[in-house]
Novice: 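Take a look at this one; I'll ask things after.
Every value quoted in this text rests on a predicted model; they were computed, and no experiment measured them. To find a chain, count down the sequence lines: A is the first, B the second, and so on, and within it residues start at 1.
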2 protein chains.
Amino acid sequence: MTDSLAEPDHANRAPPESRAVAARFAALSHPARIEILKHLSASNSCCCREVVDHLDLAQSTVSQHLKILVEAGLVRFQPDRQRSRYEVDRAALADVSASLTALVNSCCYGR
Amino acid sequence: MTDSLAEPDHANRAPPESRAVAARFAALSHPARIEILKHLSASNSCCCREVVDHLDLAQSTVSQHLKILVEAGLVRFQPDRQRSRYEVDRAALADVSASLTALVNSCCYGR
DNA sequence: CCCGTTCATCGTCTATCGCCGATGAACGAT
DNA sequence: ATCGTTCATCGGCGATAGACGATGAACGGG
């Protein structure tokens, strides 16, 4: 059941590429997740609890946001004893950035 | 009532900057809107009807997506007789791209 | 003057999001 | 063995997104 980021049925009419791009932007479309990414990149510890202290959201809520980021492929997850280590997947993030740059370029140069 | 892209109350706890970034990504987080942007950039006419023919969505649905893009500042709108002309705001799109690049850089270089 | 076309908006419906508290598993320490 | 901490998951709730059809305004052409 990897349906947390599943797309609505209506979206199936769009080309797969557009769906994939949109899905990654969706992961970035919430302020809390932007904050989480910034915090993860600035910190070394990266456990769930630390993020909870930083944002004031319930632990369960933060856990869900982290799950969304992991399933979008933007954050890597590794269980570490009773903690959970989360870290930014820089390559994946750069990849999203490249997708957007490509879109901008197609808009500017016609292809 | 410019509440089409209004943010939920819960999001008010995040810094304004993160909220602004997230809002623009939200406009890009739907496959149909990605398709619309690509189509607008490849075409000259850019009226609503043309987009309706390209995607198979109802005219009212397309109109809403266009409105969202306009309110996000990514597309410019100009009424032209009984038609509506829409065109990509390349500068705004480049700006979003720059925001994402900045985020990626902060993740890679620590600030 | 009447039609056909284009478009924005409204009302409605369903599905999903985002929040929370509660719960139980896993682990470390006492 | 027991307690405290960390975490993921579940269930529920309210709000929003996204789809549609219907409607009416604006315009052009016959």
Novice: For the pair made of CD in A:Glu35 and P in C:dC19, what is the distance, rounded to whole Å?
Specialist: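 The distance from CD of A:Glu35 to P of C:dC19 comes to 13 Å, rounded to the nearest Å.
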
Novice: Give each protein N/O atom lying under 3.5 Å from an N/O atom of nucleotides 3-6 of chain C, with the pair distance.
Specialist:
from, atom 1, to, atom 2, distance (Å)
C:dT6, OP2, B:Arg49, NH1, 2.4

Novice: Within the distance-only criterion (no hydrogens, no angle test), does the side chain of B:Ser41 pair as donor or acceptor with the backbone N or O of B:Leu37 below 3.5 angstrom?
Specialist: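 A pair under 3.5 Å: yes.
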
Novice: Once you round it to whole Å, what is the distance between C1' of C:dC17 and CD of A:Glu71?
Specialist: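 Going from A:Glu71 (CD) to C:dC17 (C1'), I get 14 Å.
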
Novice: Taking side-chain hydrogen bond (donor to acceptor under 3.5 Å, both in side chains) as the test, write out the residues that go with B:Glu17, two or more places apart.
Specialist: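 Applying side-chain hydrogen bond (donor to acceptor under 3.5 Å, both in side chains) to B:Glu17 gives none.
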
Novice: Without decimals, in angstroms, what is the distance between B:Leu69 CG and C:dC7 P?
Specialist: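 In whole Å, C:dC7 P lies 16 Å from B:Leu69 CG.
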
Novice: I'd like to check the side-chain hydrogen bond (donor to acceptor under 3.5 Å, both in side chains) partners of B:Asp56; sequence neighbours left out, ordered by chain and number.
Specialist: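 B:Asp56 satisfies side-chain hydrogen bond (donor to acceptor under 3.5 Å, both in side chains) with no residue once adjacent residues are dropped.
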
Novice: Rounding to a whole Å, what distance do you find between A:Arg81:CZ and D:dG4:C1'?
Specialist: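 Checked: the CZ to C1' distance equals 18 Å.
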
Novice: Indicate the atoms forming the closest heavy-atom contact of A:Ala32 with A:Leu55, along with that distance.
Specialist: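 A:Ala32 and A:Leu55 have their closest heavy atoms at O-CD1, 4.1 Å.
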
Novice: Enumerate donor-acceptor pairs with a distance under 3.5 Å from any side-chain N or O in residues 73-85 of chain B to protein atoms, sequence neighbours excluded.
Specialist:
from, atom 1, to, atom 2, distance (Å)
B:Arg76, NH1, B:Asp89, OD2, 3.3
B:Arg85, NH1, B:Ser45, O, 3.4
B:Arg85, NH2, B:Asn44, O, 2.8
B:Arg85, NH2, B:Ser45, O, 3.1

Novice: Answer yes or no: is there a donor N or O on one side and an acceptor on the other, between the side chain of B:Ser29 and the main chain of B:Ala26, under 3.5 Å?
Specialist: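 Such a contact is found between B:Ser29 side chain and B:Ala26 backbone.
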
Novice: Mark yes or no for whether A:Ser99, through its side chain, and A:Asp95, through its backbone, hold a donor-acceptor pair below 3.5 Å.
Specialist: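 Looks like yes, one N/O pair under 3.5 Å.
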
Novice: Whenever both distances are under 3.5 Å in a Watson-Crick or G-U wobble pair, mark it; put DNA chain C into dot-bracket that way, with [ ] for crossing pairs and | when the partner is on another strand.
Specialist: ||||||||||||||||||||||||||||||

Novice: Looking at CD1 of A:Ile36 and CG of A:Leu69, how far apart are the two atoms once the value is rounded to the nearest 0.5 Å?
Specialist: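 Reported value, rounded in 0.5 Å steps: 6.0 Å.
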
Novice: How many Å lie between CG on B:Asp53 and P on C:dC7, as a whole number?
Specialist: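 Taking atom P of C:dC7 as the reference, CG of B:Asp53 is at 10 Å.
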
Novice: How do A:Asp56 and B:Arg85 order along DNA chain C: which one's closest nucleotide is nearer the 5' end?
Specialist: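 Looking at the nearest nucleotide for each, B:Arg85 comes out on the 5' side.
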
Novice: Could you report the tightest heavy-atom contact between B:Pro31 and A:Ala22, atom names first, then the distance?
Specialist: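 Nearest pair, atom of B:Pro31 first, then A:Ala22: N-CB, 3.4 Å.
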
Novice: Rounded to whole angstrom units, what separation is found between the CG atom of B:Leu57 and the P atom of C:dA8?
Specialist: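 It works out to 15 Å between those atoms.
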
Novice: Contacts to DNA chain C from residues 58-65 of chain B, heavy-atom cutoff under 4.0 Å, which residues?
Specialist: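 Going residue by residue through residues 58-65 of chain B, the ones with a heavy atom under 4.0 Å of DNA chain C turn out to be B:Gln59, B:Ser60, B:Ser63.
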
Novice: Which whole-number value in Å describes the distance from A:Leu55 CG to C:dC20 P?
Specialist: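 The distance from CG of A:Leu55 to P of C:dC20 comes to 11 Å, rounded to the nearest Å.
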
Novice: Please check: side-chain N/O of B:Ser18 versus main-chain N/O of B:Ala14, any donor-acceptor pairing under 3.5 Å?
Specialist: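 Such a contact is absent between B:Ser18 side chain and B:Ala14 backbone.
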
Novice: Reckon B:Lys67 has a side-chain N or O less than 4.0 Å from the OP1 or OP2 of C:dA8?
Specialist: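 Negative; the distance criterion is not met.
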
Novice: If the plane angle is over 60° it's perpendicular, under 30° parallel, otherwise tilted; pick one for A:His54 and A:His39.
Specialist: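 The arrangement is parallel - the two ring planes meet at less than 30°.
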
